[in-house]
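The structure appears right after this line, and notes come after that.
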Amino acid sequence: MSEKQLTAPDMLARKGGAKIAMLTAYDYPTGLLADAAGADAILVGDSVGMVCLGLPDTLGVTMADMLHHTRATARAVKHALLVADMPFLSYQGSVAEAVANAGRFLQEAGARAVKVEGGAEFLPQITAMLDAGIPVMGHIGLTPQQVARFGGFKAQGKTARAAQKLVGDARALADAGCFGIVLEAVPDEVAARITAELAIPTIGIGAGPRCDGQVLVQHDVLGLCPGIKPKFVKQYADLWTPAKEALAAYCAEVRSGVFPAEAHTRHMSPEELAEFAARRDA
Ligand code: KIV
């Protein structure tokens, strides 16, 4: 692992080289874990809404939520490039508001890049962020902030026309100066074509193996969220079961009086005890 923290230009330089491994993180411990595991880039995703805040989708995630979680993650991340997700309605309005919100992630929260969902329709905002010196990562395909319009979390680019629109959006984002693009839930063939055509790295999630890198939600990788598991997720561990068992053992030991044991207990020194007794009698 290199000493220097990776930058957006470092990601760009990886095009055609070693694949980029990206993970989400949402706080200090998950930031430490992803960084210690050697992730190249760490995304404080707006998936925080579903993974950490118990929301049904990402629409309820606010700038305040994202800044809070990005700050905590930034305190942990020393190696990976830290990317913060722009939440719903933080950039879709005016260009000025988009730049001001994007800038807060770098100025106040320790991120070194932002990610924006959407294609050519947001080029004015993305161009202005880039002009302000804010590295931007694009995100096309299944863009969860459009869940209401899509009518659910549905794979995108399935028709030739839709696929062609994705290719056009990817080109526009690359031409604008994005340093990378997340391709979410798009067919392998479409992801492969975009990857071959663009001079910037593509990071896939449910977009097949031919992207320049991959991103997964850390809690999905670790098996920390029981319930829904999208087809494209590979779960590398089941931490939910041992974590739940450990917590249940703690509850049982508290109730039975086994915890805390002598090893977890601090006693007063004879002097402290004498003084304590004297004060009680005073
Ligand atoms: O919010 C998120 O976690 C994301 C990734 C899954 C790409 O956008």
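For ligands, and for the atoms within them, numbers begin at 1 and follow the listed sequence.
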Is it the case that the side chain of [X] and the backbone of [Y] share a donor-acceptor pair, with hydrogens and angles ignored and the cut-off at 3.5 Å?
X      : Y      : answer
Asp35  : His79  : yes
Asp212 : Ile203 : no
Gln125 : Tyr91  : yes
Ser94  : Glu97  : yes

Can you tell me if [atom1] on [X] sees more than 12 non-hydrogen neighbours from other groups inside 6.0 Å?
X      : atom1 : value
Phe276 : CZ    : no
Gln107 : CD    : no
Phe153 : CZ    : yes

For [atom], find the nearest protein heavy atom and state the residue, atom name and distance (0.1 Å precision).
atom                   : answer
atom 4 (C) of ligand 1 : Leu43 CD2, 3.6 Å
atom 6 (C) of ligand 1 : Ile205 CD1, 3.6 Å
atom 2 (C) of ligand 1 : Ser47 OG, 3.2 Å

Check residues 65-73 and write down every donor-acceptor pair under 3.5 Å in which the side-chain atom is one partner and the other belongs to a residue at least two apart or another chain.
residue	atom	partner	partner atom	Å
Asp65	OD2	Thr62	N	3.0
Asp65	OD2	Thr62	OG1	3.1
His69	ND1	Tyr26	O	2.8
Thr70	OG1	Met66	O	2.6
Arg71	NE	Glu108	O	3.3
Thr73	OG1	Asp27	N	3.1
Thr73	OG1	His69	O	2.7

- Task: Could you pull out, from Glu184, Lys115, Met137, the option with a heavy atom nearest to atom 8 (O) of ligand 1?
- Result: Lys115
Heavy atom under 4.0 Å from ligand 1: found in [X]'s side chain, backbone, both, or neither?
X      : result
Leu216 : neither
Val48  : neither
Thr24  : side chain
Thr58  : neither

- Message: Under 3.5 Å, is there a donor on one side chain and an acceptor on the other for Asp46 and Gln145?
- Response: yes
- Task: Say whether Glu117, considering both its backbone and side-chain N or O atoms, lies within less than 3.5 Å of an N or O atom on ligand 1.
- Result: no
- Can you find an N or O of Asp46 that's nearer than 3.5 Å to an N or O of ligand 1? yes
- Mark up the atoms of ligand 1 that fall under 4.0 Å of a heavy atom belonging to Asp85, in ascending order. 1 (O), 2 (C), 8 (O)
- Query: Considering only heavy atoms of Gly45, which atoms of ligand 1 have at least one such atom less than 4.0 Å away?
  - Reply: 1 (O), 2 (C), 3 (O)
- Message: Taking a cutoff of less than 4.0 Å between a non-hydrogen atom of the residue and any ligand atom, is Met22 in contact with ligand 1?
- Response: no
- Message: If we only consider heavy atoms of His139, is any one of them less than 4.0 Å away from an atom in ligand 1?
- Response: yes
